[in-house]
Structures are given as C-alpha cells and as structure tokens.
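These notes concern the structure reproduced below.
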Amino acid sequence: MDRQTTVASRVTYTGIGLHSGRDVTIALNPAPAGSGIVFARTDLTGTPRVAAKAINVTNTMRATTLEAGEAKVFTVEHLLAAFAAMGIDNCLVEISSVEPPVADGSSLLFLKLFETAGTQVLSELRRPPIIIKQAITVRYPEKFITILPYDGFRITFTSINPHPLLGVQFGDYEITPEVFARELAPARTIGFMHEVETLKAQGLALGGSLDNVVVYDDENCLTPLRFSDELVRHKILDVIGDLALAGRIAGHVIAVKSSHALNTALAKEIVKASM
C-alpha cells in the first residue's frame, strides 16, 4: 500500500536568501498525515503559516511567491521540487525570513537535509494522484506549457535563449526519485551579468553570487558547469516545484520557454480541472 510520508526528525540549515540577501535559518519538521507542506514564518509575531498550494501564489517575478495573511515566502520552488520528486508528502517548514536559503542554487541541499532527517512512513494512505484526462494548456506569446494524459510523470522542456553559449536546449525526463537526484537536483539557477543592476533595483538577486548562480556575461560562462545543458535541467526542476503546488500529478508536461508564471498558472488550471 502507498502510504503518506514525512521527515523522521527535525533538521536545520542556515544560509542566505538568493533574492532577499538575508540570513535565514530553515527547519524541516515532522508533520501529521494530510497536512501537506506548510511554511511557518518564525520571525513574525504569531508564527503565521502558508500552505504550499497553487491558490496561495501571489507573485512569479523570477521566483514563486506564496502568501496567506501575514505569512509570505518566495523562491520556494527548489525546495518544493525536492519534496515532490522524493515523495515527501508532509512537512512543517519553519523559516526565519522571507526566503529559504539558496545554498548552491540547486536542490542538492534539500536532498542532503532529507537524508539527515530520514523519512517516516505514516499509517494513512496517500491520496491518488491527479489523473490528467485531457490536455490542459497555458499559452503566452512565443511560449507555452501543456500537460497531457500519461501513465507516470514526465517533463519535456525546450529552452530557447539568445546567448551564444546557450541557444536551444532540450530535456526529456521521466520524473522518479533516482532521476531527480542524479540528473536534475544538481542543476543550478542561471543568471546574466547584464541583468544584475536591473534586478537589484527591483530588490532581487541581492544574495546572488558566483557561488550560488551559474553566471554568464555577454560571451562567456563565468561558472564551471555541472552539465552542458544545465539551464534546461534547472528549468525542469522549476516546473516540478511549481506544479507540486497542484498536488501529485500523473501526466506528461510539454513546455517551450516556460516560466514560473506559466508553470503556476498551469498548476491552478490542473487544480480547477480536478474539482
């Protein structure tokens, strides 16, 4: 029988937020069956909480933001991707700032935290996945994301970028814990030198550095790559995290130049279709 899971013990990590630039401590705590993934802002009076659900998405500029009342967290997609891909259903995520630590810009930190905490199998059964019965599509000019009926969870992504070292990158993965850990979790956030000042003026990328972002200038990559196609692998990682806001899904995602805005819009449409 397929039963729900949570982390087996409390585990903590302290780092810096990618966009906020603030120091932050995150604690992953065991949570009861049916509670899902919930963020609790320990730095705010009353420790307000927000659930990792599509309905709570309020902003998608460069990252996915969740908000409910006084509780607000953003850049949650790397952590949510790890929870979803590794099959952890329930966790109380205590966070001492507005943004989880970026670590190296990938999901590897969270896999290490899961390994340290261990996994506890709960007595309650998992809810069956949302079965996609017909195509659901979100289109913006020159980009789209769609999900088709499929027995499993698969993501096919085409990234198109004008940088001479990037161009067209294509990725196609059946999402399993093993594939995620080996092929996708190590892929890091990509950034461009020509965007730095604009982003900082918007209050973004304040914690970004060569240690946590794969950085390109106009002609070169300033960070040693982990994969020749690291960009599209990270894009797929983001899709996993954003669609986790809809719940567990059985379907084949096909995307071209998708973003957090399209990903989370699709998550909302999947929830709507499943009601």
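If you read the sequence from its start, that first residue is 1, and numbering goes on from there. On a predicted model such as this, the values are computed, not experimentally measured, just so you know.
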Quick check against the 3.5 Å criterion: does T5 have a side-chain atom that pairs as donor or acceptor with the backbone of Q120? no
For the side chain of T158 and the backbone of V256, is there at least one donor-acceptor N/O pair under 3.5 Å apart? no
What distance separates L237 CG from I175 CD1, expressed to the nearest 0.5 Å? 9.0 Å
Using a 3.5 Å distance criterion without hydrogens, assess whether the side chain of T146 forms a donor-acceptor pair with backbone atoms of I136. yes
Closest non-hydrogen atom pair between I16 and G207, with its separation: CD1-CA, 4.1 Å
Is there a salt bridge (charged side-chain N to carboxylate O under 4.0 Å, His left out) between R22 and D43 once you walk through the steps? CA-CA 12 Å; R22 299 179 191 173; D43 58 318; 5.5 Å; no
Quick check: do V239 and L266 have side-chain heavy atoms less than 4.5 Å from each other? no
Pairs touching residues 116-158 that satisfy ring-ring contact (aromatic ring centres under 6.0 Å, His included), sequence neighbours left out: Y150-H252
Would you check if D23 and S97 make a side-chain contact, meaning some heavy-atom pair closer than 4.5 Å? no
Of all heavy-atom pairs between K268 and A54, which one has the smallest distance, and what is that distance? CE-O, 3.2 Å
I'd like to check T14 versus V24 (side-chain heavy atoms, cut-off strictly below 4.5 Å). Are they in contact? no
May I ask you to test the E94-N29 pair for a side-chain heavy-atom distance under 4.5 Å? yes
Around I55, counting heavy atoms of other residues, nucleotides and ligands shown, do more than 12 lie under 6.0 Å from its CD1? no
From K133 NZ over to S274 OG, what is the distance, rounded to the nearest 0.5 angstrom? 10.0 Å
Considering non-hydrogen atoms only, spot the tightest contact between T12 and A27 and give its length. CG2-CB, 3.7 Å
Using a 3.5 Å distance criterion without hydrogens, assess whether the side chain of N56 forms a donor-acceptor pair with backbone atoms of L66. no
Would you find a donor on one side and an acceptor on the other, under 3.5 Å apart, between the side chain of Q4 and the backbone of L125? yes
With a 3.5 Å distance limit and no angle check, can you tell me whether N90 reaches the backbone of G34 through a side-chain donor-acceptor pair? yes
Compare every heavy atom of T223 with every heavy atom of V214, then report the nearest pair and how far apart it is. CA-OG1, 3.7 Å
Determine whether a donor-acceptor pair (N or O, by modelled atom type, separation under 3.5 Å) exists between the side chain of D172 and the backbone of F170. no
Answer yes if the side chains of D242 and T264 hold a donor-acceptor pair under 3.5 Å, and no otherwise. no
Count the heavy atoms belonging to other residues, nucleotides or ligands that lie under 6.0 Å from CD of E115, then report whether that count exceeds 12. no
Is a side-chain donor or acceptor of R188 paired with a backbone partner of D104 at a separation under 3.5 angstrom? no
Does atom CZ (R248) have a neighbourhood of more than 12 heavy atoms from anything else shown, all under 6.0 Å? yes
Basic-acidic side-chain contact under 4.0 Å: E70, R41: no
Under 3.5 Å donor-acceptor, T119 side chain and V7 backbone: no
Closest non-hydrogen contact found for V102 with N212 is CG1-ND2, 3.5 Å
Going from OH on Y216 to CG on L165, what distance comes out if it is rounded to the nearest 0.5 angstrom? 6.5 Å
Examine distances only and state if a side-chain atom of D217 and a backbone atom of E219 form a donor-acceptor pair shorter than 3.5 Å. yes
Over all atoms of both residues, closest heavy-atom pair of S106 and R226: OG-NH1, 3.8 Å
Could you tell me whether E230 and R233 make a salt bridge, using a distance below 4.0 angstrom between a side-chain N and a carboxylate O? no
In this structure, CD1 of I88 is separated from CD1 of I37 (nearest 0.5 Å) by 7.5 Å
Under 3.5 Å, which donor-acceptor pairs link side chains of residues 75-83 to any protein atom two or more places apart or in another chain?
residue, atom, partner, partner atom, Å
T75, OG1, E99, OE2, 2.6
E77, OE1, T64, N, 3.1
E77, OE2, H260, NE2, 3.4
H78, NE2, H234, NE2, 3.2

